[in-house]
Amino acid sequence: MSARHVAAGGAAAVATPVGAGRVVVVGSANVDLVVPVPRHPAGGETVLGGTLERHPGGKGANQAVAAARAGGADTSFVGALGSDESGELLHASLAGAGVRTDLIARVAEPTGTALISVDPGGENTIIVAPGANSHVTVGTEQAARIAEADVVLAQLEIPLEAILAASAARREGTLLVLNAAPSRELPEEVWTAVDVLVVNEHEAADLAGRGDGAEPADLAHALLARVPAVVVTLGGAGSLVAERDGEPVHVPAFPVEPVDTTGAGDTFCGVLAAALAGGATLADAARLAAAAGALATTAPGAQESVPTATAVADLARHR
């Protein structure tokens with residue numbers, strides 16, 4: 001697959017509307033068990049937290065909700081849920097956001113679960129028990145929907161075989177956007193399938209074989225040897241967009257007062273995919289995604305905090 005149509009973008013304000021494209025998200029769905037803590041515990045330490053809350057989450061499901069609600073794209077989700085209460089919670093959340101849920105498999109495993117602690121600054125730590133996510137597959141019906149998509153978005157909380165099957169089902173010109181999280185060793189077949197790689201600094205350093213502290217531009221340059229385009233997210237410092245045929249572009253973050261950063265990166269990825277599906281350049285898509293990700297930090301929860309497309313466009317226009 002070629003990424004030639006991911007056009008390089010300049011420093012102009014976001015002008016490309018989203019919503020015209022079709023996105024298929026192949027990924028995970030988890031119920032998030034969230035506890036506020038005064039600080040994250042050190043190894044072997046116990047910290048008393050606040051009230052336990054239960055939210056729909058999972059990188060794939062979060063990104064699908066973001067692509068539909070905040071990005072305005074025609075969005076389908078390919079994933080697996082257990083036949084349990086958590087599965088019903090996630091199915092209802094996806095459908096309520098306008099995501100097409102007819103391709104979700106129900107399996108004889110518990111729905112995936114994420115254990116999340118959130119400190120007063122909104123920073124979180126996450127442990128995931130995959131459960132049903134280990135059984136995500138791409139069958140005939142899923143492949144047919146993928147063949148109609150403009151962008152396929154995947155993460156690494158599901159089997160790599162599902163990602164490769166989704167890649168093989170694409171038509172010519174369909175982008176595969178991989179959010180390589182959580183970071184893991186990738187076989188060459190995955191590297192060659194990716195059109196746009198989205199990683200944070202830690203994931204970028206891991207995949208590039210560098211230590212933490214390396215310059216984002218150096219990490220992006222190293223990763224461009226493997227993929228045509230890279231977006232390195234930098235938290236409060238924004239993101240760096242790099243493509244083989246252009247100069248790197250720094251996309252600044254939108255200043256907000258964060259409440260909970262859970263799901264903010266997923267919101268960024270979902271809106272990035274939706275904007276690309278609608279014809280935006282990669283740099284412009286990252287600007288719109290930055291606005292969406294910023295708004296997602298201003299409310300608790302993952303899917304509940306995903307903003308509307310109108311709110312995202314309004315913030316982006318005020319850059």
Side-chain angles (χ1 to χ4, degrees), residues 23-35 51-71 73-118 124 126-146 149 152-163 165-166 169 179 181-182 260 262-267 269-270 273 296 299-306:
V23 174
V24 174
V25 179
V26 182
S28 58
N30 299 319
V31 60
D32 291 345
L33 302 180
V34 184
V35 179
T51 302
L52 175 68
E53 296 182 350
R54 188 166 171 265
H55 301 279
K59 286 186 177 298
N62 294 346
Q63 291 176 15
V65 167
R69 182 190 297 154
D74 176 349
T75 306
S76 297
F77 180 63
V78 174
L81 299 173
S83 298
D84 50 21
E85 185 182 357
S86 295
E88 295 303 319
L89 173 69
L90 282 154
H91 192 279
S93 180
L94 287 159
V99 177
R100 300 168 71 180
T101 59
D102 57 310
L103 300 178
I104 297 175
R106 305 305 285 261
V107 301
E109 291 282 349
T111 297
T113 302
L115 309 176
I116 303 174
S117 61
V118 183
N124 60 61
I126 305 174
I127 300 173
V128 175
N133 295 312
S134 298
H135 299 273
V136 176
T137 59
V138 175
T140 302
E141 293 182 356
Q142 290 84 358
R145 187 74 52 80
I146 288 168
V152 175
L153 173 61
Q155 324 76 36
L156 296 180
E157 289 184 334
I158 60 172
L160 292 179
E161 292 79 7
I163 298 172
N179 174 214
D260 179 4
T262 304
D266 294 331
T267 298
C269 291
Q303 292 172 29
E304 301 98 323
S305 68
V306 174

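Sequence positions, counted from 1, serve as the residue numbers for this chain. Note that the structure is predicted; figures quoted are calculated from it, not measured.
For the pair Val78/Val24, a side-chain contact is recorded, criterion being any heavy-atom separation below 4.5 Å from C-beta on. Taking 4.5 Å as the limit, some side-chain heavy atom of Pro182 sits within range of a side-chain heavy atom of Glu157. Counting heavy atoms from C-beta on, the side chains of Cys269 and Gln155 never come closer than 4.5 Å. Contact of the Val152 side chain with the Val25 side chain is not registered, since no non-hydrogen atoms from C-beta on lie closer than 4.5 Å. The shortest side-chain heavy-atom distance between Asn30 and Thr111 does not fall under the 4.5 Å cut-off. The side-chain heavy atoms of Pro110 and Asp84, taken from C-beta on, include a pair separated by under 4.5 Å. Here the side chains of Val34 and His55 are in contact, with some heavy-atom distance below 4.5 Å. Between His135 and Ile158, the closest side-chain pair of non-hydrogen atoms is not below 4.5 Å.
Nearest heavy atom pair, residue Val306 against residue Ala66, reads CG1-CA, 3.7 Å. Considering every non-hydrogen atom in both Ile146 and Ala166, the closest pair reads CG2-O, 3.5 Å. Nearest heavy-atom pair across Glu304 and Pro56 is OE2-CD, 3.5 Å. Minimum heavy-atom separation, Ala299 to Ser305: O-CB, 3.4 Å. Of all the heavy atoms in Gly57 and Ala302, the pair that sits closest is CA-CB, 4.4 Å. Nearest approach of Ala162 to Val138, heavy atoms of both residues: O-CG2, 3.5 Å.
The CG atom of Asp102 lies 12.5 Å from the CZ atom of Phe77; values are rounded to the nearest 0.5 Å. Atom OG1 of Thr101 is separated from atom CG of Leu90 by 11.5 Å, given to the nearest 0.5 angstrom. Rounding to the nearest 0.5 angstrom, the gap separating the CG atom in Asp266 from the OG atom in Ser28 is 8.0 Å. The distance from the CD atom of Glu88 to the CG atom of Leu81 is 8.5 Å, given to the nearest 0.5 Å. Interatomic distance, Leu33 CG to Ile126 CD1, rounded to the nearest 0.5 Å: 12.0 Å. Going from atom CG of Asn179 over to atom CD of Gln63 covers 5.0 Å, rounded to the nearest 0.5 Å.
Although no hydrogens or angles enter the test, the distance criterion places no donor-acceptor pair under 3.5 Å between the side chain of Ser134 and the main chain of Pro130. Here the side chain of Asp32 pairs no donor or acceptor atom with the backbone of Gly301 at under 3.5 angstrom. Side-chain N or O atoms of Ser93 include none that pairs as donor or acceptor with a backbone N or O of Leu89 at under 3.5 Å.
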Worksheet item: Does the pair Ser83 and Arg106 meet the rule for a side-chain hydrogen bond (donor to acceptor under 3.5 Å, both in side chains), with working shown?
Response: CA-CA 6 Å; Ser83 298; Arg106 305 305 285 261; 4.7 Å; no
Fill in: Test side-chain hydrogen bond (donor to acceptor under 3.5 Å, both in side chains) applied to Thr75 and Arg69, step by step
CA-CA 9 Å; Thr75 306; Arg69 182 190 297 154; over 6 Å; no
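In the displayed structure, Ile127 atom CD1 is contacted under 6.0 Å by at most 12 heavy atoms of other residues, nucleotides or ligands.
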